[in-house]
Amino acid sequence: MLLNLKLKIKSRFISEFKTEPLLVFSPGRINLIGEHTDYNNGFVFPAAIDKGIVVAIHKSESNTSSIIAVDEDERYDFSLNSISPIKNGGWKNYALGVISEIRKTGHQIENFNLVFGGDIPNGAGVSSSAALENSIAFALNELFHLGLTKKDLIYISQKAEHNYVGVKCGIMDQYASMFGVKNAAIMLDCENLEAKTVTLNLDGYSLLLVNSNVKHSLAESAYNERRKTCEEVALKLNVKSLRHATLQNLVSLKIGLTDDEYQKALYVIQENQRVLNAYEAILENNMQKLGDLLYDSHNGLKNQYKVSCEELDFLVEKAKKSNAVIGARMMGGGFGGCTINIIKTNLVEEFKKEIVNSYEQKFNVICSFYSVNLSEGTKLI
Ligand code: GLA
C-alpha cells in the first residue's frame, strides 16, 4: 500500500516539477485507550498505523511556493511573505500553520514545491491531520537542514493546529505519528513525554476499526469547550492540571462544581487510571481485562464526557452483543469517526457482515472497516 502511494505521489511531483523530490511518510494513529486525557497532562496509549500521508518536496527557484493536494485535486500557490490563516482553508491551514510555527522558532525556509496525498480518510479519527502536519514539518526540516529534533517538530505541528486550524489539541496524535514503533503501542505520559513501548501481541485477537462515516459539525467547538472546562476545574481544585487531581480532591470540592464539571473531571481521573490498568493488562496478556477497560472507557466518553454520538454508541452496542468482540469504544475526539474493536481474528468477517447491514438499516449510511498494522513513525522513504 505504502509503495503504491509513494509511487503515485512521486510521479505526480515529477510530472509537475520535473525533478526528483525528497519523500516523507507520516502515519495516522490509533489509540487503545486514554481519550481526552492528553491535554490534561495525563496518560494515553496510541500507536502509529501503516496508513498515512506521503509528502514529496523540493526547493523551488521561483519566488512563490506551491502545494498540490492530490486527493483533493487542488493546487495552492503562495508567497512565503504573506502567510496567515485562511477562513475555511481546510488542508492549507495545516501547511501554512507549520510554516508559521517553524519561523517562530527562529528558522528560515525558502521557496519549495510540495505534493502530498494519503490513504487515511479525513474525519475518521485516525488523525490524518497530525500526519499531514508532521509530514510537512519533517520534510521542511530535512529539505532546509533546520536541525530541529523530532520533539521540536511535534510541538510545531501541535501549535499549527492550535493557531491555524483552531483546535486546541493535546500532543497525543503528533507524538504517535512521529514516534511510532513497529508492532508496538506506546503508553505515553503527556506531562513529560515519558513513553513505555509495548509490543502488542494480541494472541488470536485483532484490532478492527469500524468507521461510522459520520462527522458531526460541532466536533471542533465541543473539543475546545471540553478542554476549557477541564482547565477551569483544575484551577478550582488548585492543581496544575487534572492529571494531578484525585477522587478525594474532587469529592471534597463537589459543592463548588456544577454537575457537568464534576462528571467531566471524574471521567478524566478515571480514564487516566484505566490507561494504567490497560498497560498492566497487556503485560499480563489479559485480553479480557483490556476489553472490559475499553467498554468502560466508552461508557465514560458517552455518559460523563459526552463526546460520543448515536452512531458510535450503536456500533459499540453491536460489538457488545456479538461474541466476536471482547472490547470496543469510540476513538479520538468523538462525534463521529471510528470505533476501535478487539476482535477474535477468526470471526472478523462474520462480524463485519453482521454490523454493516444493521448499521445501514438504522442510519442509511454504510460503515467501513480498517484492519491496521502498527508501524513506525514519520520517516524519509
Ligand atoms: C484529538 C486530539 C488529541 C486528543 C484526542 C482525544 O484526536 O487531536 O490531542 O485529545 O482528540 O483523546
Side-chain angles (χ1 to χ4, degrees), residues 26-49 52-53 93-94 97-98 120-134 137 154-180 185-191 193 209 211-212 215-216 218-231 241-243 264 267-272 274-275 278 293-294 296-298 300-302 304-309 312 329-340:
S26 249
R29 62 105 189 89
I30 56 159
N31 185 22
L32 290 176
I33 195 162
E35 223 63 89
H36 289 272
T37 43
D38 61 350
Y39 53 81
N40 289 301
N41 281 348
F43 301 102
V44 292
F45 213 153
I49 57 177
I53 293 210
N93 281 330
Y94 295 95
V98 165
I120 39 176
N122 294 334
V126 286
S127 216
S128 57
S129 47
L132 179 57
E133 293 148 6
N134 277 352
I154 62 172
Y155 286 118
I156 285 170
S157 293
Q158 184 195 25
K159 288 192 197 118
E161 191 144 343
H162 287 188
N163 298 329
Y164 269 64
V165 183
V167 179
K168 304 284 179 199
C169 62
I171 198 67
M172 166 171 75
D173 302 350
Q174 291 79 7
Y175 185 95
S177 164
M178 187 65 81
F179 290 100
I186 302 171
M187 193 188 78
L188 179 69
D189 182 340
C190 295
E191 184 157 72
L193 294 193
L209 305 185
N211 191 351
S212 64
K215 187 80 202 163
H216 296 293
L218 67 169
E220 283 164 14
S221 56
Y223 184 93
N224 290 345
E225 273 165 32
R226 299 297 183 283
R227 179 169 186 155
K228 191 158 161 266
T229 302
C230 290
E231 286 167 358
S241 63
L242 285 186
R243 151 68 177 279
K264 293 209 161 69
Y267 162 81
V268 172
I269 293 170
Q270 293 171 335
E271 182 77 350
N272 272 328
R274 281 191 284 266
V275 178
L293 288 163
L294 261 66
D296 291 347
S297 170
H298 185 79
L301 287 158
K302 174 185 174 197
Q304 296 169 266
Y305 215 69
K306 297 195 187 321
V307 287
S308 188
C309 61
L312 292 169
R329 58 177 203 85
M330 55 148 275
M331 194 179 73
F335 303 105
C338 288
T339 61
I340 177 167

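In listed order, ligands and their atoms are each counted from 1.
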Undergrad: Distance to 0.1 Å, residue and atom name: give those for the protein heavy atom nearest to atom 5 (C) of ligand 1.
TA: M172 CE, 3.8 Å

Undergrad: Could you check if a side-chain atom of V307 sits within less than 4.5 angstrom of a side-chain atom of F335, using non-hydrogen atoms only?
TA: yes

Undergrad: Return yes when S127 approaches ligand 1 closer than 4.0 angstrom through a heavy atom, no otherwise.
TA: no

Undergrad: Give the atoms of ligand 1, by number and element, whose distance to some non-hydrogen atom of G170 is under 4.0 Å.
TA: 9 (O)

Undergrad: Quick test: of every protein heavy atom, which one is nearest to atom 1 (C) of ligand 1, and how far off is it to 0.1 Å?
TA: D173 OD2, 3.6 Å

Undergrad: Determine, for E35 against R329, whether the closest basic-nitrogen to carboxylate-oxygen distance falls under 4.0 angstrom.
TA: yes

Undergrad: Taking all non-hydrogen atoms of both residues, which atom of C230 and which atom of N40 are closest, and how far apart?
TA: CB-OD1, 3.0 Å

Undergrad: For S177 and N134, test the side chains for any donor-to-acceptor distance below 3.5 angstrom and give the result as yes or no.
TA: yes

Undergrad: N/O to N/O below 3.5 Å, does that happen between G332 and ligand 1?
TA: no

Undergrad: Nearest protein heavy-atom contact for atom 3 (C) of ligand 1: which residue, which atom, what distance?
TA: D38 OD2, 3.3 Å

Undergrad: Quick one: which ligand 1 atoms are inside 4.0 Å of a heavy atom on Y39?
TA: 10 (O)

Undergrad: Do the side chains of T339 and S212 get nearer than 4.5 Å, heavy atoms only?
TA: no

Undergrad: Students should be able to answer this: which protein heavy-atom is nearest to atom 10 (O) of ligand 1, and at what distance?
TA: Y223 OH, 2.5 Å

Undergrad: Can you find a non-hydrogen atom of M331 under 4.0 Å from ligand 1?
TA: no

Undergrad: Would R29 count as being in polar contact with ligand 1, using the rule that some N or O on each side must be under 3.5 angstrom apart?
TA: yes

Undergrad: Indicate yes or no for a side-chain donor-acceptor contact from E133 to the backbone of V98 under 3.5 Å, with no hydrogens or angles considered.
TA: no

Undergrad: Heavy-atom distance under 4.5 Å between the side chains of V268 and Y305, does that happen here?
TA: yes

